[in-house]
Engineer: 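Quick one: this structure, given as structure tokens, is what I'll be asking you about.
Labels below follow one simple rule: chain letters A, B, ... track the order of the sequence lines, proteins then strands, and each chain is numbered from 1.
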2 protein chains.
Amino acid sequence: MTIMQLDSFSANQWIAPAGNITPIASAVSGEIIAEASADDVNFEAMCEHARTVGGKALRALTFHQRAEMLKALAKYLNERRDALYQLSFQTGATMRDSQIDIDGGIATMFVFSSKGRRELPNAHTLLDGNVEALSRGGSFIGHHIYTPLKGVAVHINAFNFPVWGMLEKLAPSILAGMPVIVKPATDTAYLTHACFQMMIESNILPKGAIQLVVGRPKEMLDHLTCQDVVAFTGSADTADMLGSNANLRKNATRFTAETDSLNASILGPDATNGTPEFDLFIREVAREMTIKAGQKCTAIRRAIVPHSEQNAVIDALKTALAKITIGDPSLESTRMGALASQRQRRDVQEKIDILKTECTQMFGTDEGFEVSGADAQKGAFIQPVLLHCENPHIATKVHEVEAFGPVSTVMPYDDAEDAIALANRGLGSLVASVFTHNPTTATEFLLGAGSFHGRMLFADRDSAKESTGHGSPMPHLVHGGPGRAGGGEELGGIRGVKHYMQRTAIQGSPRLLSAIGGRWFDGAPEIAEAPHPFRLSFNELQIGKTIHTEPRTITLEDIEHFAEFSGDNFYAHMDDEAAKANPFFPGRVAHGYLLLSFAAGLFVDPLPGPVLANYGLDNLRFLKPVPPGDTIKVRLTAMEKSQRNDEYGEVRWDVEIINQDNEPVAKYELLTMNAMD
Amino acid sequence: MTIMQLDSFSANQWIAPAGNITPIASAVSGEIIAEASADDVNFEAMCEHARTVGGKALRALTFHQRAEMLKALAKYLNERRDALYQLSFQTGATMRDSQIDIDGGIATMFVFSSKGRRELPNAHTLLDGNVEALSRGGSFIGHHIYTPLKGVAVHINAFNFPVWGMLEKLAPSILAGMPVIVKPATDTAYLTHACFQMMIESNILPKGAIQLVVGRPKEMLDHLTCQDVVAFTGSADTADMLGSNANLRKNATRFTAETDSLNASILGPDATNGTPEFDLFIREVAREMTIKAGQKCTAIRRAIVPHSEQNAVIDALKTALAKITIGDPSLESTRMGALASQRQRRDVQEKIDILKTECTQMFGTDEGFEVSGADAQKGAFIQPVLLHCENPHIATKVHEVEAFGPVSTVMPYDDAEDAIALANRGLGSLVASVFTHNPTTATEFLLGAGSFHGRMLFADRDSAKESTGHGSPMPHLVHGGPGRAGGGEELGGIRGVKHYMQRTAIQGSPRLLSAIGGRWFDGAPEIAEAPHPFRLSFNELQIGKTIHTEPRTITLEDIEHFAEFSGDNFYAHMDDEAAKANPFFPGRVAHGYLLLSFAAGLFVDPLPGPVLANYGLDNLRFLKPVPPGDTIKVRLTAMEKSQRNDEYGEVRWDVEIINQDNEPVAKYELLTMNAMD
């Protein structure tokens, strides 16, 4: 087998390993299969290339354009998965493990692409929250707006998910408009490298958008500024070393870390032996121990169970673990492959020894165990190890020491409060799961443990069939956790995109802020001349385009007629005396939907034209009751536009209904789909 | 004058200064007026008291209850402002300066109280964003929820705003449900102490909610955990020292810093001499230099002006500065008081000397200047200093060195791009302002400079009368900035509250997540038995209470009648051929508001009862057109409740209209106000 030379990709050039070369061994056979070194890589030049070429090109695109690129990339990789699976076996991963890594990474890109198009505007900036009234007269307002950082995102990834680890960080960065330098962990960098190479070959991203450094570049963090981001996944020690870099600290460079985590899974007080939740718990603990040979930041390290259930739990887990076949991960019969390297195996064994000072080993004899199709010693194979800690309140190591392999500890609790206290002894984790069918118990655990955990899974019979399980970070949800877990946040849908953008508070007149935000604000100029706004195509329509309608008087007959026609005979519309007894009404008043309907009657231009459909309405508030005899008028103003595709785009209209005294009686945002030309 | 003994307040006890005592001098007379020392303070005990007593009591309250306490506190302080003004003179502050500090701090509490009641639910937790569909069948969903951190917020404040600095950090913490330890800067701690004492006297907050430490406690950061927060305002050096504390790093304790900042104000290319924006710029620079004697983190340090305008700017600023009377801040005639201490004056003078290596001094002779009613040397008085930097691209110190006093530098630019580059040379700041009346220029500056600045003010003639100005952080808007400004964020309305809470991703069945979140999610159980949900009071109504209505068929006559009645003759309802040509419609379809009206007719229970009013509607989406002949039915489910006052509360209803094939045709959230009992 040829030894793979893991080139770095810097400023549009492939740079071969040179100088002090690190050999990389197969996790399965122990043979050297790849070589890496970043000695010839000029990291400063990479950063500069990212900022001046990649960032500029990405920022010229809209969120939707970047989202389309992510989709194209995901499709491209999806068609080439097979080549990646073959390499993935070398990392010790079974096909099922590889699917989590490779398919999971690609799925993450699809989700970000979809969310980018559905939840972000087709624009370059993103308004955050609502406009803030900062003055009585309305001439001075405030808002918040996100713009992409003008630097480079340096992604330092862990060895356990060579593909997912790259793609889950890359997708939100690219969507935000920020170029990326990927630095994979060297042990499994050949797989990352292969996937990265595909992305470059695809030619989908603009030049400079992504670069790769394999090996340890010199002075990596010394060239970063306040516009850069470092996102790290790995050990707490490395995180501390990186995070205390003087240059990073001086520039307050954003640094996010996802590190160690003693994740807990709690068997609820109600989930006794015989309940569906008990069985789900056993299955989940066994699965979390053995998937990726337990090399998951989110794996269950502590199984916290009612005192009365601990023997049943241990017995059931022993039975489940005995069925785990270990061996060459490319064999279909193999349920668990190897750890990623001999170094990892040594580390896991050391950690097991530490844990055993407080625990009894219930499974995993340390003696020769069966390994199919591979050499147990040359490959980094290890048997699952189940530990039992009888006194988890006295013990400390079980709450502090993470053996990053197929290792879990069962420990008993007395009551829910006690279980919460034990879960929180991990001092911050990525995920905790609670197996319970009782909503009160679930709520109690959230209130007691929520602030210690980045994610909490509440597992029961109702969600069992569709649950993605304890260990899977979802692109829709935040991944990361407080304290020992590093204090960082990644993913979480659009939340993850914002990590690569700066939120800036903006203040000024409605006219200036409307121009900046691409959204019309109350008080900004109205374009009120002809034609009717419904006569203008999406492209012709300007923000601020307005129509003030003719007035219409609401009669008691209108109200009675509407009640009869709609069937809505609510007393506030029909019974003057009863309406007067209501704290909000002066007597009989018009139906809210009568107002909406009459308003449409006043502003709609009936003939075919660019407005294709009313597809919704947001933030409707009825501000003042309208008794019969009141006369309403409507102002309709083009508020915001977002192109949807080549044929049409969404228009959001600011609508205000006022009465004869110019008092607003209702405000809302109307949504229409408008033809492009 | 008696020397004030600045007791700390620890675990409900006042602890007198003891041991190594720091004397504090009046900024005006130079006399010793107070003494501080925290030698007898047990900081670890304070933290423990906060966590076990204060936090527990605060978390037992809802957001609204905490908001009411803030309002009561703000009122209490507001009535006692005069005593604080008197002390404030000793810090060198004029009455106008004191109003910014004292009234500004109280106003911040009022804003957080009001936002807490308007923008947060009357609940203990806060759902974030939308529910996430994680499975096809809908049995497994995700969401995010904020819970209060279970630790203590340590607020380390700067000397320049002894009251505002305390209250602006305290308000969001208390609203979040997190207890606070206030550590004021020693130089002006007597004012903070007086205000703190009033809060304790008021007896409004529960025990342990706030504590005070005056002076430097030992090992302040060594007892903090992953549940605590440190929020610091002060110098970059101190921030670095605190932020690199090994215990903080190990626990990933949240640490936010607001530090140095070379804030820029840019005179737009259009804002030439003679325009209103030019005059506004001059007024703002002169004001920012002299308010609080320039001791504001947000003050304008760099005035970036078109090359052609620099002489006019310098002349106008010299004229404005010559009018600034300096002296005893308690005199009405005084426009600028003293710096906070002799140490500050020495520091400012050192920094001016550094800046003068690159700049020419245009105002402020350093010679004896007039000081009314006080001794220029005994008090920490200083004259405003205007500098001119001719080559700001070559210069480095003007972009790096902050003289924290009445000191600004005028520097020229060539074009907008150049001005942006200069503004960004500050490498991260709290605020930049742009004086322009041109919306395109404003947008260009936001896109070019936004990511370097925490706040940008766009000033022009339209907002001049009501603008709060360059230097005022508003409680509604984020305060903080990237890079040199420390990388932190404070305030920003509810955003600031979230800094004291943990966001946790939650996953599970709709039933469990509905219980946890206090919100009904699609797929959670429906309580469908009698009575009609409108017959139940706010207190009786359970989340999930549902009515499925009778069906109603929509006829062509209905559509035509509705068109005539409402006046909405849009062609999609009236002209079959034209409707068919529309990409969204199969032919003539019912009006959206007809559907809403008929839906109300189907679900409304007409007689007087607990439902008092329909006050609005959110997130309405029309999902499928309804042609004549279709039959609709409605499901109405109680989704969320939030008590408003003793008489009534808001109920949010999830409404779905389906057709005869059980396909959803419209979805929305209906808002009603319901009587409590």
Engineer: Measure B:Ala675 against the heavy atoms of chain A and call it side chain, backbone, both or neither at under 4.5 Å.
Structural biologist: neither
Engineer: Show the nearest heavy-atom pair for residues A:Gly450 and B:Thr147, with the distance to one decimal.
Structural biologist: C-OG1, 3.9 Å
Engineer: Counting heavy-atom pairs under 4.5 Å to chain A, which of B:Leu623, B:Asp460, B:Thr125, B:Asn438 comes out on top?
Structural biologist: B:Asp460
Engineer: Below 4.5 Å from any heavy atom of chain A, which atoms of B:Ala236 appear? Answer side chain, backbone, both or neither.
Structural biologist: neither
Engineer: Given side chains that start at C-beta, do those of B:Ser597 and A:Ser597 come closer than 4.5 Å, heavy atoms only?
Structural biologist: yes
Engineer: If the threshold is 4.0 Å, N to carboxylate O, is there a salt bridge linking A:Arg136 and B:Glu466?
Structural biologist: no
Engineer: Shorter than 4.5 Å, heavy atoms on both sides: which option in A:Leu427, A:Leu149, A:Asp558 has the most such pairs with chain B?
Structural biologist: A:Asp558
Engineer: Would you confirm whether B:Arg484, through its side chain, and A:Ala252, through its main-chain N or O, come within 3.5 Å as a donor-acceptor pair?
Structural biologist: no
Engineer: With a 4.5 Å limit on heavy-atom distance, are the side chains of A:Thr225 and B:Phe452 in contact?
Structural biologist: no
Engineer: Measuring from A:Leu447:CG to B:Arg59:CZ, what's the distance to the nearest 0.5 Å?
Structural biologist: 9.5 Å
Engineer: Taking the six-membered ring for Trp and the single ring otherwise, decide whether the centroids of B:His144 and A:His476 are under 6.0 Å apart.
Structural biologist: no
Engineer: Take a 6.0 Å sphere around NZ of A:Lys250 and say whether it holds more than 12 heavy atoms from other residues, nucleotides or ligands.
Structural biologist: no
Engineer: Where on B:Arg552 is there a heavy atom nearer than 4.5 Å to chain A: the side chain, the backbone, both, or neither?
Structural biologist: side chain
Engineer: Just so I know, are the side chains of A:Ser139 and B:Asp462 near enough to count as touching, which here means a heavy-atom distance under 4.5 Å?
Structural biologist: no
Engineer: Knowing that exactly one of A:Lys150, A:Gln227, A:Gln502 qualifies, which makes a side-chain hydrogen bond (donor to acceptor under 3.5 Å, both in side chains) with B:Ser451?
Structural biologist: A:Gln227
Engineer: Could you check whether any side-chain N or O of B:Thr504 sits under 3.5 Å from a backbone N or O of A:His453, counting only pairs where one atom can act as donor and the other as acceptor?
Structural biologist: yes
Engineer: Checking heavy atoms, do the side chain of B:Pro583, its backbone, both or neither come under 4.5 Å from chain A?
Structural biologist: side chain
Engineer: Taking every heavy-atom pair that is under 4.5 Å apart, which of B:Ile141, B:Asp240, B:Thr436 has the most such pairs with chain A?
Structural biologist: B:Asp240
Engineer: Checking heavy atoms, do the side chain of B:His479, its backbone, both or neither come under 4.5 Å from chain A?
Structural biologist: neither
Engineer: side-chain contact (heavy atoms from CB on, under 4.5 Å), that's the test. Do B:Thr468 and A:Gln507 meet it? Break it down for me.
Structural biologist: CA-CA 9 Å; B:Thr468 51; A:Gln507 296 171 285; 3.7 Å; yes
Engineer: How long is the gap from CG on B:Asp568 to CG on A:Leu602, to the nearest 0.5 Å?
Structural biologist: 10.0 Å
Engineer: Are A:Ile506 and B:Arg455 packed together at the side-chain level, in the sense that at least one heavy-atom pair is separated by less than 4.5 angstrom?
Structural biologist: no
Engineer: Side chain, backbone, both or neither: which part of B:Ala442 has a heavy atom under 4.5 Å from chain A?
Structural biologist: both
Engineer: Are any of the side-chain heavy atoms of A:Leu617 and B:Arg621 separated by less than 4.5 Å?
Structural biologist: no
Engineer: If you count heavy-atom pairs under 4.5 Å with chain A, which of B:Gly243, B:Ser433, B:Gly487, B:Ala581 comes out on top?
Structural biologist: B:Gly243
Engineer: Could you check if a side-chain atom of A:Pro606 sits within less than 4.5 angstrom of a side-chain atom of B:Tyr571, using non-hydrogen atoms only?
Structural biologist: no
Engineer: Looking at B:Gly483, B:Gly508, B:Gly486, B:Gly138, which one has more heavy-atom pairs under 4.5 Å with chain A than the rest?
Structural biologist: B:Gly483
Engineer: Between B:Phe570 and A:Leu607, is the side-chain contact (heavy atoms from CB on, under 4.5 Å) condition met? List the steps.
Structural biologist: CA-CA 6 Å; B:Phe570 193 62; A:Leu607 292 180; over 6 Å; no
Engineer: Can you tell me how far the OG atom of A:Ser463 sits from the CG atom of B:Leu512, to the nearest 0.5 Å?
Structural biologist: 7.0 Å
Engineer: Do A:Ile145 and B:Met456 pass the side-chain contact (heavy atoms from CB on, under 4.5 Å) test, and can you show the C-alpha distance, the side-chain angles, and the key distance before you say yes or no?
Structural biologist: CA-CA 10 Å; A:Ile145 192 165; B:Met456 287 189 79; over 6 Å; no
Engineer: Just wondering, do B:Asn569 and A:Val604 contact through their side chains at under 4.5 Å, heavy atoms?
Structural biologist: no
Engineer: Report yes if the distance between the aromatic ring centroids of A:Phe565 and B:Phe598 is under 6.0 Å, otherwise no.
Structural biologist: yes
Engineer: Examine whether an atom of B:Tyr146 lies under 4.5 Å from a heavy atom of chain A, and if so say whether it belongs to the side chain, the backbone or both; otherwise answer neither.
Structural biologist: neither
Engineer: Do B:Tyr615 and A:Leu620 touch side chain to side chain, with heavy atoms closer than 4.5 Å?
Structural biologist: no
Engineer: Let me know if B:Ile494 has heavy atoms under 4.5 Å from chain A in its side chain, its backbone, both or neither.
Structural biologist: neither
Engineer: Quick one: which of A:Met673, A:Met501, A:Glu489, A:His591 has the most heavy-atom pairs under 4.5 Å with chain B, could you say?
Structural biologist: A:Glu489
Engineer: With side-chain contact (heavy atoms from CB on, under 4.5 Å) as the criterion, how do A:Asp618 and B:Asn619 come out once you've worked through the C-alpha distance, each side chain's angles and the decisive distance to 0.1 Å?
Structural biologist: CA-CA 5 Å; A:Asp618 280 335; B:Asn619 303 321; 3.6 Å; yes
Engineer: Please look at B:Asp605 and chain A and tell me whether the side chain, the backbone, both or neither of the residue comes under 4.5 angstrom of a heavy atom of that chain.
Structural biologist: backbone
Engineer: Given A:Phe584 and B:Tyr648, is the ring pair (Phe, Tyr, Trp, His ring centres under 6.0 Å) satisfied, shown in steps?
Structural biologist: CA-CA 11 Å; A:Phe584 299 109; B:Tyr648 42 83; 5.0 Å; yes
Engineer: Could you look at B:Ala239 and say if it's the side chain, the backbone, both or neither that has a heavy atom under 4.5 Å from chain A?
Structural biologist: backbone
